[in-house]
Every structure is written in structure tokens, then in C-alpha cells.
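Below is one structure, written out as C-alpha cells; comments come after it.
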Amino acid sequence: MIKNTWTRTEIEKIYNLPMMELIFQGSTIHRQYHQTGEVQVCTLLSVKTGGCPEDCSYCPQAARYHTNVKVHKLLPVEEVLASAQEAKNEGSTRFCMGAAWREVRDNKDFDQVLEMVKGVNHIGMEVCCTLGMLTPEQATKLKDAGLYAYNHNLDTSEEFYDEVITTRNYGERLDTLENVRKAKISVCSGGIIGMGETDKDRIGMLLTLATLPEHPESVPVNALVPVEGTPLEDQEKVSIWEMVRMIATARIIMPKAMVRLSAGRVRMNTEEQALCFMAGANSIFAGDKLLTTPNPGTKSDREMFELLGLTPRESFKN
Ligand code: SAM
Ligand code: DTB
Ligand code: SF4
């Protein structure tokens with residue numbers, strides 16, 4: 001049963017289960033709703049990099065922090081489509097284009113992104129974008145161009161949000177998610193752990209996601225990638241058990257969602273990633289780069305899939 005009336009107490013209880021019981025329950029639910037061993041393979045491309053006016057304290061692309069990210073204006077459509085084709089050839093079924101924008105503006109750049117969306121759709125991949133805030137009209141334009149999914153993360157709890165970002169608020173995040181939903185685009189929304197938040201904040205974020213009118217179809221769980229020059233550069237690495245706890249809880253309370261083991265895999269070994277798949281993760285980002293930071297390359301992921309007997313999920317499978 002899909003339930004969106006979860007209470008904080010209920011989620012807390014699940015989140016705090018003994019680890020072995022939590023993994024078992026995550027795994028059990030996973031088997032009921034998904035094909036075990038099947039993992040969605042997605043590829044990210046930063047189509048507009050750096051120079052962002054926002055102050056997200058985790059982000060290497062915020063203009064105000066001095067990081068090593070090389071600023072780049074919007075890439076040409078042909079270059080993006082060549083990357084998408086390459087990703088498809090490497091076995092990826094979803095292509096997600098990210099832009100370091102606060103929000104989408106109705107200008108030439110947006111028209112160019114719409115062309116990218118059409119092109120990637122034509123290649124036969126699930127096309128996803130993450131471009132910041134959207135109006136209902138912009139969401140409809142993206143949908144009409146063939147957009148399949150939109151990523152817009154809540155990142156953390158409403159209470160902790162102001163500690164991480166001050167240039168926008170939680171309500172604006174939720175408004176964009178509603179605009180995406182209303183345009184009948186698949187919703188991808190999750191967050192980051194390891195930013196100094198408490199368990200209560202992690203539970204709070206999961207509570208918001210799991211009590212939306214409809215659950216997001218994808219829930220990315222990112223471990224903070226600490227980047228030099230950002231305010232969070234010295235944050236300690238989260239333990240694998242915290243990642244597993246987050247993934248299993250998300251799996252149990254949002255059983256149909258694709259739970260994505262997102263940023264942070266470069267600092268996890270195969271055993272640790274296996275625990276995440278066991279707990280209910282069934283999606284990853286492939287390729288040697290996320291948006292601006294490194295990711296395990298195709299070769300090491302291929303070896304992991306072989307070793308663990310994982311199979312890539314086909315595209316457009318509901
Ligand atoms: N600018 C748009 C926005 O913020 O919605 C889209 C791109 S933004 C880079 C997409 C997401 O990447 C953020 O919401 C955040 O969850 C994630 N992210 C960014 N930097 C990260 C980091 N250092 N570690 C983990 N996740 C990160
Ligand atoms: C998501 O939840 N994680 C991805 C994707 N959605 C856009 C981004 C991770 C970015 C990690 C930092 C970087 O590479 O710049
Ligand atoms: Fe800009 Fe998005 Fe990075 Fe925030 S997360 S600084 S909005 S690119």
C-alpha cells in the first residue's frame with residue numbers, strides 16, 4: 001500500500017530500528033515492489049557550470065565561494081547530444097542535465113535547453129533536468145519538449161534549511177515540486193546527508209517527501225562531497241551506516257520510488273555499496289563525473305555489477 005499520511009513518530013521508529021532489522025525490512029519491501037538486483041543507471045552532465053548566485057553551502061558552483069570549478073556558459077546542443085549518445089552507448093538509460101541557475105529565465109538559454117530535451121528524448125533516453133526553480137509555464141514548456149523527469153532536491157529538513165542556504169526558502173522548493181507534478185513530469189527529489197544536520201533533520205526531510213500528495217518517483221540520497229572553498233569543506237565523512245539507514249527508511253516509507261545512491265560513491269567500497277543495494281537502493285549515477293566532482297568510472301561499476309549480479313534497468317519502465 002502506498003501511504004502518504006506518515007507521522008514523524010512512525011518514521012522515527014523505522015529509522016531507529018536495529019541495523020539488521022532495518023536492512024531486512026528495506027530489502028523485503030524492495031522485493032515486493034521492484035525486481036531485485038535491477039539497478040537504474042543514470043548519467044549526469046553539467047550543461048552550465050558555476051557562477052551561480054545562490055549560497056548553498058555545499059555547492060562548488062556558487063559564485064561566492066572560491067572553488068576550483070571552471071565556470072562555463074551553456075554548452076552547445078550538439079555537444080550535449082553527443083554526450084547523451086555516448087552515455088547511452090555505455091549502458092545508461094537516463095540522462096540528467098544540470099545548470100547552475102537559481103531559477104529558469106525565459107530567455108535564449110532556456111530555448112536552447114528545450115532543444116537539448118527534444119534531442120535527448122529523440123535518442124531514446126529518459127531525459128531529466130535540474131535547472132533550479134520553475135514556474136508552472138516553464139514546467140509545461142519542458143513537458144511539451146519531452147522532459148521525462150525533473151530533479152529538485154529538498155536537501156534537508158525545513159528547520160535546518162536556513163543553516164545551509166539563505167538565498168531561497170523551503171516553501172519555494174515545494175512550489176517548484178508542485179509545478180513539476182502539475183505538468184505531469186516525473187518528480188525526482190531527495191537530499192544530502194553529512195552537512196551537520198541531526199537525525200531529526202534527516203527524518204524531517206523524509207517526512208516531507210513521504211507526505212507530499214504523491215511520493216516522488218525518484219529519491220536521490222547524496223552523501224556530501226566536501227569541496228575545498230565551500231563552507232562545508234571540512235565536514236566529516238558520514239559513516240556508511242548513516243547512508244544505509246537513510247536509504248532503507250526511504251525505501252520502506254516510499255516503496256515504489258527509485259531510491260538513488262547518488263553523490264559520495266567514490267568514497268565507498270563495493271561492500272559498502274552492496275549494503276546500500278541490499279537496503280533498497282536501486283539507482284546510481286554512472287560515468288566518471290557527477291556534475292563537477294569525480295564519480296566511479298564505467299569500468300569499476302561494470303565490475304561491481306558483475307560481482308554483485310546486478311542488472312541495468314531498461315528505460316521507460318513503470
Ligand atoms: N541549481 C539547481 C538547484 O540547486 O536546484 C540544480 C543543480 S544543483 C547542483 C543539484 C543538487 O546537487 C543540489 O540540490 C544538491 O542536492 C546536489 N549537490 C550539489 N553539491 C553537492 C555536494 N557537494 N555534495 C552532494 N550533493 C551536492
Ligand atoms: C542529485 O541528487 N545529485 C546529483 C543530481 N541530483 C543533480 C548532483 C550531485 C552533485 C555533486 C557535486 C558535484 O559534482 O558538483
Ligand atoms: Fe546554485 Fe544549485 Fe549549486 Fe545552489 S545547488 S549554488 S542553486 S547550482
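Note that the structure is predicted; figures quoted are calculated from it, not measured. For the numbers below, each heavy atom of this structure counts, side chains included, while hydrogens, waters and symmetry mates do not. Note that ligands are numbered from 1 as they come in the structure, with each ligand's atoms numbered from 1 the same way. Numbers for residues simply follow the sequence, beginning at 1.
In summary, the atoms of ligand 2 found under 4.0 Å from a heavy atom of P220, numbered by their order in the structure, are 2 (O). Atom numbering of ligand 1 starts at 1 in the shown order; those under 4.0 Å from a heavy atom of W101 are 1 (N), 2 (C). Residue-ligand proximity, A99 to ligand 1, at heavy-atom distances under 4.0 Å covers atoms 1 (N), 2 (C), 6 (C), 7 (C).
Side-chain contact between R64 and T167 is present, with at least one heavy-atom pair separated by less than 4.5 Å. Side-chain atoms of P216 and M254, non-hydrogen and from C-beta on, do get closer than 4.5 Å to each other. Proximity of N282 to R251: side-chain heavy atoms (C-beta onward) are separated by under 4.5 Å at one or more points.
Under the 4.0 angstrom criterion for non-hydrogen atoms, Q235 is not in contact with ligand 1. No heavy atom of G98 sits closer than 4.0 Å to any atom of ligand 1. The shell of residues lying under 4.0 angstrom from ligand 2, judged by heavy atoms, includes F285.
Counting heavy atoms only, I192 comes closest to atom 26 (N) of ligand 1 of the residues I192, L134, N151, L290.
Residue, atom and distance of the protein heavy atom nearest to atom 6 (N) of ligand 2 are N151 OD1, 3.6 Å. Closest protein heavy atom to atom 12 (C) of ligand 2: T293 OG1, 3.6 Å. Closest protein heavy atom to atom 9 (C) of ligand 2: N222 OD1, 4.0 Å. Considering only non-hydrogen protein atoms, atom 10 (C) of ligand 2 sits nearest to L291 CD1, 4.1 Å. In this structure, atom 7 (S) of ligand 3 lies nearest to the protein heavy atom R168 NH1, 3.2 Å.
Proximity of T293 to ligand 1, defined as any heavy-atom pair under 4.0 Å, is not found for any part of the residue. Residue contacts with ligand 2 for T130 involve side-chain atoms from C-beta outward but no N, CA, C or O (heavy atoms, distance under 4.0 Å). At a heavy-atom cutoff of 4.0 Å, ligand 1 is contacted by the side chain of L291 but not by its backbone. In T130, the parts holding a heavy atom less than 4.0 Å from any atom of ligand 1 are both the side chain and the backbone. Residue contacts with ligand 1 for K48 are absent, since no atom lies close enough (heavy atoms, distance under 4.0 Å).
For a threshold of 3.5 Å applied to N or O pairs, the pair formed by Q61 and ligand 1 contains no separation below that value. An N or O contact shorter than 3.5 Å links N153 to ligand 2 by distance. In terms of polar-atom proximity, T292 is counted as a contact of ligand 2, with an N or O under 3.5 Å from an N or O of the ligand. Residue V225 places at least one N or O, backbone or side chain, under 3.5 Å from an N or O of ligand 1.
In this structure, the side chain of E272 engages the main chain of N269 through a donor-acceptor pair within 3.5 Å. Side chain of E90 to backbone of E86: no donor-acceptor contact under 3.5 angstrom is found. Judged purely by atom type and a 3.5 angstrom limit, R102 has no side-chain atom pairing as donor or acceptor with the backbone of G132.
A donor atom on one side chain and an acceptor atom on the other are found under 3.5 Å apart for T198 and D201. Between the side chains of E126 and S315, not a single donor N or O lies within less than 3.5 Å of an accepting N or O. A donor and an acceptor atom, one from each side chain of Q35 and R313, are nowhere located under 3.5 Å apart. Counted by atom type alone, Y58 and D155 present one or more donor-acceptor pairs between their side chains at under 3.5 Å.
Atom NZ of residue K143 and atom NZ of residue K184 lie 8.5 Å apart, to the nearest 0.5 angstrom.
For atom 2 (Fe) of ligand 3, the nearest protein heavy atom lies 4.0 Å or farther away.
Just one of R181, K256, R94 meets the salt bridge (Lys or Arg N to Asp or Glu O under 4.0 Å) condition when paired with E217; it is R181.
The set of protein atoms (N, O or S) found at less than 2.8 Å from atom 4 (Fe) of ligand 3 reads C56 SG, by chain and number.
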